[in-house]
Colleague: 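First the structure, which I've put down as structure tokens, then a few questions once you've had a look.
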Amino acid sequence: MTRVKICGLTAPEDLRVAVDAGADAVGLLVDVPVDSPREIDVQRAVEIADAVPPFVTSVLVTMPDSPERTVELVRTVEPDAVQVHGDASVDDLAYLTSSVEAKVIKVVDADDPETARRYDDVADALLVDSVDDEGAGGTGETHDWDRTAEVVSTFDSPVVLAGGLTPTNVADAVQTVEPFAVDVASGVDRDERADDESTASETPAPTGRKDPDAVADFVANAKRTQSTPTP
Ligand SMILES: O=C(O)c1ccccc1N[C@@H]1O[C@H](COP(=O)(O)O)[C@@H](O)[C@H]1O
């Protein structure tokens, strides 16, 4: 069964939403140099990580300036795993894995399989995302899943599929890529228009809070989807 991570929690109430929906992991975004409604400060990350119950994996999601800063953050927040965005080198990753007890997940660019492959031996898992010029994720953009499926079938590491997933498209994504896990951030966020109809605009404004129905649908659709058996 495909595991599910709900990423970008900003409030303890949303941790409850994710856990009640059956999420296997939750993500807390700290120290990312992009403008995100899901970023929280270290103190809040400590608070939420501390409240994550047994059998649910807490993941610190970060895009640090240096591997030393990542080590410092991991030691402060004490997550079960750390998800590293950006251009950390293979040596940086090796330094990180030898310095912390948390499992290390490296974010790799779905459009750059050759670079991704270099991290296969050193990371505990590879998260395949659609990334922007800065190497950040959370773009809300999907990538070519057929191509991704071909690439990830050659990786030894567990693969986490991310990038523009929603309750509506996650079943297709699971069937096509057959990942170890799927990860969603913006696709289950609450739309500001849902809070105040009178300020409705054409473009939904993210609030950094989760939509409980969307989270429940996402988890159910990801988990009930069977991967296509190999003939
Ligand atoms: O969520 C963000 O805003 C974000 C910012 C910077 C780095 C990572 C971010 N999120 C991660 O990106 C992927 C995919 O997100 P989405 O579902 O496409 O919105 C996910 O792993 C988040 O952890």
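Each residue takes its place number in the sequence, starting with 1. Just the heavy atoms: all of them, side chains too, but no hydrogens, waters or symmetry mates, feed the values below. Order of appearance sets the numbers: ligands from 1, and atoms from 1 within every ligand.
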Colleague: Output all residues satisfying side-chain hydrogen bond (donor to acceptor under 3.5 Å, both in side chains) with Asp24, sequence neighbours left out; order by chain, then residue number.
Modeller: Lys223

Colleague: So, Asp80 versus Ser58: side-chain donor-acceptor pair below 3.5 Å or not?
Modeller: yes

Colleague: Supply the atom-to-atom distance Leu15 CG to Lys210 NZ, rounded to the nearest 0.5 angstrom.
Modeller: 12.0 Å

Colleague: Within the distance-only criterion (no hydrogens, no angle test), does the side chain of Asp41 pair as donor or acceptor with the backbone N or O of Arg44 below 3.5 angstrom?
Modeller: yes

Colleague: Could you pull out every N or O of ligand 1 that sits under 3.5 Å from a protein N or O, with the distance for each pair?
Modeller:
| residue | atom | partner | partner atom | Å |
| --- | --- | --- | --- | --- |
| ligand 1 | 1 (O) | Arg38 | NE | 2.8 |
| ligand 1 | 1 (O) | Arg38 | NH2 | 3.3 |
| ligand 1 | 3 (O) | Ser36 | OG | 2.6 |
| ligand 1 | 3 (O) | Arg38 | NE | 3.4 |
| ligand 1 | 3 (O) | Arg38 | NH2 | 2.9 |
| ligand 1 | 12 (O) | Asp129 | OD2 | 3.4 |
| ligand 1 | 12 (O) | Gly138 | N | 2.7 |
| ligand 1 | 17 (O) | Ala185 | N | 2.9 |
| ligand 1 | 18 (O) | Gly140 | N | 3.1 |
| ligand 1 | 18 (O) | Gly164 | N | 2.9 |
| ligand 1 | 19 (O) | Ser186 | N | 2.9 |
| ligand 1 | 19 (O) | Ser186 | OG | 2.5 |
| ligand 1 | 21 (O) | Gln83 | NE2 | 3.1 |
| ligand 1 | 21 (O) | Asp183 | OD2 | 2.4 |
| ligand 1 | 23 (O) | Gln83 | NE2 | 3.2 |

Colleague: Taking the basic N atoms (NZ, or NE/NH1/NH2) and the acidic carboxylate oxygens, is any pair closer than 4.0 Å for Asp189 and Arg209?
Modeller: no

Colleague: Any side-chain donor-acceptor pair under 3.5 Å between Thr154 and Arg117?
Modeller: yes

